[in-house]
Amino acid sequence: MPELPEVETTVRFLRKARPPILGAGFVDLWSDFKKIVKKPKNFRQFKKEIQGKKILKIRRRAKNIIFELSSGYSLLIHQKLTGHLLYAKWEKDRVNDYIHLKFFLNNGKILALSDLRKFAKVELWKSPDLEKELRSLGPEPLEKNFIFKKFKEALKDRRGKIKQILMNQEIIAGIGNIYSDEALWRAKIHPFKEPSKLSEAELKKLYQSLKEVLKKSIKLHGESISDYRDPSGSRGNFDRIRMVYRREGEKCSRCGRKIKRLKMAGRSARFCPLCQKQNP
DNA sequence: TGCAGTGTTGCTTC
DNA sequence: CGAAGCAACACTGC
């Protein structure tokens, strides 16, 4: 599912796509699941408002794709679990079975939103209002100014399980189930550990592991275990270095112990019970 | 066959 | 206030 590396992969692809998306305008819109547009709720109004607007910038914030448009508007797309954007030809009206929204551009192409489970959301904002909305998000872990001190500050005084804290978008932006599992494995930290129980060395290791795994995944164009694809429909290659996520029962590549799965607030945490001890 | 599992976010409940 | 539960959905695997 699209977490930071997958959303980043999509955004980078769209930025350098040919024919260019930057500078292109919206001419028409199609959907068979109008509920996917949450703002404005009225689909006809959304269509009316977006028609004629140009795409000026494409960026990522947390797991959101943001298109900055002309006239001070911004289009936000959150792909949630199974969503992904595809860049395809106009005439090709059936890219896959799960296209629920198509933006027809004036460059002869469409931006299509594929979403098997229909959890994705699409919102049109006035840019300053969106900026206000995004303020509640935590820092971007790959930004230059996200130094170790900032990471420690983000975790300071937080109670609960480290894995859950890493996935909280208000604490650090862009991390979900996959990359929290993978970063904790790399740092040899049990997913249920309290942040206050982490030593300085463990914190440092976690900070480095997190940045490293995100960067490596971006290089590999993200993961495609489930539905994620880049906008050309290609799979990512993160699978090559995926160590624990969805590998319960398999042997830990570091020590050979069987990977375990534990339930946590209605979801799963995968880890190596030998490498990642709760009380070493 | 049926039902638990899958995981993000936001809303409701306690 | 915060944590926990659940709904939004559709498909997979046991």
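To find a chain, count down the sequence lines: A is the first, B the second, and so on, and within it residues start at 1. Because the structure is predicted, anything quoted here is derived from the model rather than measured.
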Could you give the CD-to-P distance, from E6(A) to dG7(B), as a whole number of Å?
-> 13 Å
Using the test ring-ring contact (aromatic ring centres under 6.0 Å, His included), find all partners of H221(A) that sit at least two apart in sequence or belong to another chain.
-> none
Would you mind reading off the distance between R117(A) atom CZ and dG7(B) atom P, rounded to a whole angstrom?
-> 9 Å
Only pairs at least two apart or in different chains count here, so list each salt bridge (Lys or Arg N to Asp or Glu O under 4.0 Å) that has a residue in residues 18-44 of chain A.
-> D28(A)-K47(A)
List in chain and number order the residues that pass ring-ring contact (aromatic ring centres under 6.0 Å, His included) with F26(A), two or more places apart in sequence or in another chain; answer none if no residue qualifies.
-> F103(A)
Given Watson-Crick and G-U pairs under 3.5 Å, DNA chain C in dot-bracket ([ ] crossing, | other strand) is .|||||||.|||||
Does the pair E200(A)/K152(A) count as a salt bridge with the N-to-O cut at 4.0 Å?
-> yes
dT6(B) base / R246(A) side chain donor-acceptor hit below 3.5 Å = no
With E153(A), which residues qualify under salt bridge (charged side-chain N to carboxylate O under 4.0 Å, His left out), at least two apart?
-> none
When you list every nucleotide of DNA chain C with an atom under 4.0 Å from a heavy atom of chain A, which one comes first 5' to 3', and which comes last?
-> dA8(C) to dC11(C)
For nucleotides 9-14 of chain B, tabulate all protein N/O to nucleotide N/O atom pairs closer than 3.5 Å, reporting atom names and distance.
| from | atom 1 | to | atom 2 | distance (Å) |
| --- | --- | --- | --- | --- |
| dT9(B) | OP1 | H78(A) | NE2 | 2.6 |
| dT9(B) | OP2 | K63(A) | NZ | 3.3 |
| dG10(B) | OP1 | K121(A) | NZ | 3.1 |

F104(A) and W90(A): aromatic ring centres closer than 6.0 Å?
-> yes
Residue pairs passing the ring-ring contact (aromatic ring centres under 6.0 Å, His included) test where at least one lies in residues 54-74 of chain A, sequence neighbours excluded | none
Under 4.0 Å between a side-chain N/O of R270(A) and OP1 or OP2 of dG5(B), yes or no?
-> no
Using the ring-ring contact (aromatic ring centres under 6.0 Å, His included) rule, collect all pairs that involve residues 148-200 of chain A, keeping only residues at least two apart or in two chains.
-> F148(A)-Y207(A), F151(A)-Y207(A), Y179(A)-F238(A), H190(A)-F192(A), H190(A)-F271(A)
Where at least one partner belongs to residues 203-224 of chain A, residue pairs that pass salt bridge (Lys or Arg N to Asp or Glu O under 4.0 Å), sequence neighbours excluded = R186(A)-E212(A)
Expected list for residues 133-141 of chain A: side-chain donor-acceptor pairs under 3.5 angstrom, two or more places apart:
| from | atom 1 | to | atom 2 | distance (Å) |
| --- | --- | --- | --- | --- |
| S136(A) | OG | E133(A) | O | 3.4 |
| E140(A) | OE1 | R60(A) | NH1 | 2.8 |
| E140(A) | OE1 | R60(A) | NH2 | 2.9 |
| E140(A) | OE2 | R61(A) | NH1 | 2.9 |
| E140(A) | OE2 | A62(A) | N | 2.6 |

With sequence neighbours left out, which residue pairs that include part of residues 244-254 of chain A fulfil the salt bridge (Lys or Arg N to Asp or Glu O under 4.0 Å) condition?
-> R247(A)-E250(A), E248(A)-R261(A), E248(A)-R270(A)
Take atom P in dT12(B) and the same atom in dC9(C), then report the distance between them in whole Å.
-> 16 Å
Reckon Q79(A) touches a base, only the sugar-phosphate, or nothing at all at heavy-atom distances under 4.0 Å?
-> nothing
Mind checking S268(A) for me? I need base, sugar-phosphate or nothing, with any heavy atom below 4.0 Å counting as a touch.
-> sugar-phosphate
Contacts of K161(A) and Y98(A) projected onto DNA chain C by closest heavy atom; the upstream (5') one is K161(A)
